[in-house]
Amino acid sequence: MFKKYFGLLVVVMSLFVSNAAFAQEEKFGIGVQFTFPAWGVSGMMDVTDKTSIQGILGLIGDLKMYAGRGIYRFRKEPYWNVYGYGMIGAWSYTGYKIGYDSNFNVEKTTETALGFGVGVGIEYTWRAWIPKLPPIFWNIEIGFGRVKFDEVD
């Protein structure tokens, strides 16, 4: 039940951010999120000059991710910034459950667990090289995440 409602909330938030992205290009953004091993789409909205919220739907790969982030920019320059983030969400994994009965049965199962993460990153805009480009950003980050699955091995 938790998975169904949490996923629905994230989808609704993502649609809001995605539709709003075309209204004010500097306050909203959509993009692709590569957070190994969960890959998918991302929507971000600036709350203040230094803080943003981000919704992530990692639907590509074996591990599914439905998460939200709070982002704080430690240093914001015209073409780059350094930031920290905190993340909370649900991770869903389809794997194999090993039974410890006399037959050691193996069955396919899906489990969803709550997880969190923290990290830091650097964001850079391509406008630094070609000012006439649209606002396209790339970033690289390093962080720590924790998800504990009980049944999936």
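Along the sequence shown, residues carry numbers from 1.
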K.L.:
Locate the shortest heavy-atom distance separating Ser52 from Asp46; write the atom from each residue and the value.
P.N.:
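Taking Ser52 first and Asp46 second, the nearest heavy atoms are OG-OD1, 2.6 Å.
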K.L.:
Would you sort out whether Tyr66 and Leu59 count as a side-chain contact (heavy atoms from CB on, under 4.5 Å), showing the intermediate values?
P.N.:
CA-CA 8 Å; Tyr66 317 95; Leu59 302 174; 3.5 Å; yes
K.L.:
Nearest heavy-atom pair of Phe74 and Gly84: which atoms, and what distance?
P.N.:
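That would be CE1-N, 3.3 Å.
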K.L.:
What are the two closest heavy atoms between Leu114 and Gly89, and how far apart are they?
P.N.:
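For Leu114 versus Gly89, the nearest heavy atoms are CD1-O, 3.2 Å.
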K.L.:
Let me confirm one number: the OG1-NZ distance from Thr94 to Lys64, rounded to the nearest 0.5 Å.
P.N.:
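Output value for this atom pair is 7.0 Å.
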K.L.:
Would you give the length of the straight line joining atom CZ of Phe116 to atom CD1 of Ile88, rounded to the nearest 0.5 angstrom?
P.N.:
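Here the rounded value is 9.0 Å.
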K.L.:
Of all residues at least two apart in sequence or in a different chain, which pass the salt bridge (Lys or Arg N to Asp or Glu O under 4.0 Å) check with Glu141?
P.N.:
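Counting only residues at least two positions away or on another chain, Glu141 forms a salt bridge (Lys or Arg N to Asp or Glu O under 4.0 Å) with Arg69.
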K.L.:
With sequence neighbours excluded, give me every salt bridge (charged side-chain N to carboxylate O under 4.0 Å, His left out) pair touching residues 76-87.
P.N.:
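Matches after skipping sequence neighbours: Asp49-Lys76, Arg75-Glu77.
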K.L.:
Looking at every non-hydrogen atom in both residues, tell me the closest pair between Ser92 and Thr110 and how far apart they are.
P.N.:
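Heavy-atom minimum between the residues: OG-CG2, 3.5 Å.
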K.L.:
Distance check, rounded to the nearest 0.5 Å: Ile56 atom CD1 versus Met44 atom CE?
P.N.:
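Ile56 CD1 to Met44 CE: 8.0 Å, rounded to 0.5 Å.
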K.L.:
Taking the inter-plane angle between the rings of Tyr85 and Tyr83 on a 0 to 90° scale, is it parallel (under 30°), tilted (30 to 60°) or perpendicular (over 60°)?
P.N.:
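It falls in the tilted class, 30° to 60°.
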K.L.:
In terms of relative ring orientation, are Trp129 and Tyr124 parallel, tilted or perpendicular, with 30° and 60° separating the classes?
P.N.:
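Answer is tilted, since the angle falls between 30° and 60°.
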K.L.:
For Asn139 versus Glu123, what's the shortest heavy-atom pair and its separation?
P.N.:
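It is CB-CA, 3.9 Å.
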K.L.:
Tell me whether Val47 shares a hydrophobic cluster with Phe28, the cluster being built from Ile, Leu, Val, Met, Phe, Trp, Tyr side chains joined at under 4.5 Å.
P.N.:
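Linked within one cluster.
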K.L.:
Applying side-chain contact (heavy atoms from CB on, under 4.5 Å), can you list everything that pairs with Ile122, at least two apart in sequence or on another chain?
P.N.:
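Ile122 satisfies side-chain contact (heavy atoms from CB on, under 4.5 Å) with Val82 only.
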K.L.:
For Trp80, look at atom CH2 and say whether over 12 heavy atoms of other residues, nucleotides or ligands are found less than 6.0 Å away.
P.N.:
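Buried by this count: over 12 neighbours within 6.0 Å.
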K.L.:
For Lys148, check side-chain contact (heavy atoms from CB on, under 4.5 Å) against everything at least two apart and list the hits.
P.N.:
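side-chain contact (heavy atoms from CB on, under 4.5 Å) check on Lys148 returns Arg146, Asp150.
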K.L.:
Which heavy-atom pair separates Val147 from Gly115 by the least distance, and what is that distance?
P.N.:
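For Val147 and Gly115, the tightest heavy-atom pair comes out as CG2-CA, 4.0 Å.
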K.L.:
Write out all pairs satisfying salt bridge (charged side-chain N to carboxylate O under 4.0 Å, His left out) with one or both partners inside residues 50-60, taking only residues at least two apart or from two chains.
P.N.:
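Of all non-adjacent pairs touching residues 50-60, none passes salt bridge (charged side-chain N to carboxylate O under 4.0 Å, His left out).
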K.L.:
Can you list everything that forms a side chain to side chain donor-acceptor pair (under 3.5 Å) with Thr125? Sequence neighbours excluded, please.
P.N.:
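Thr125: no side chain to side chain donor-acceptor pair (under 3.5 Å) contacts found.
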K.L.:
Which is it for Met65 and Trp91 under the side-chain contact (heavy atoms from CB on, under 4.5 Å) test, yes or no, and what are the steps along the way?
P.N.:
CA-CA 5 Å; Met65 174 179 156; Trp91 280 256; 3.6 Å; yes
K.L.:
Do Phe144 and Ile142 belong together in a cluster built from hydrophobic side chains that touch within less than 4.5 Å?
P.N.:
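No, Phe144 does not connect to Ile142 through the hydrophobic network.
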K.L.:
Quick one: pull up CZ in Arg73 and CG in Asn81 and give me the separation to the nearest 0.5 Å.
P.N.:
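Reported to 0.5 Å precision, the distance equals 5.0 Å.
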K.L.:
Is it possible for you to say whether Val32 and Ile60 belong to one hydrophobic cluster, with membership spreading through side-chain heavy-atom contacts below 4.5 Å?
P.N.:
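Linked within one cluster.
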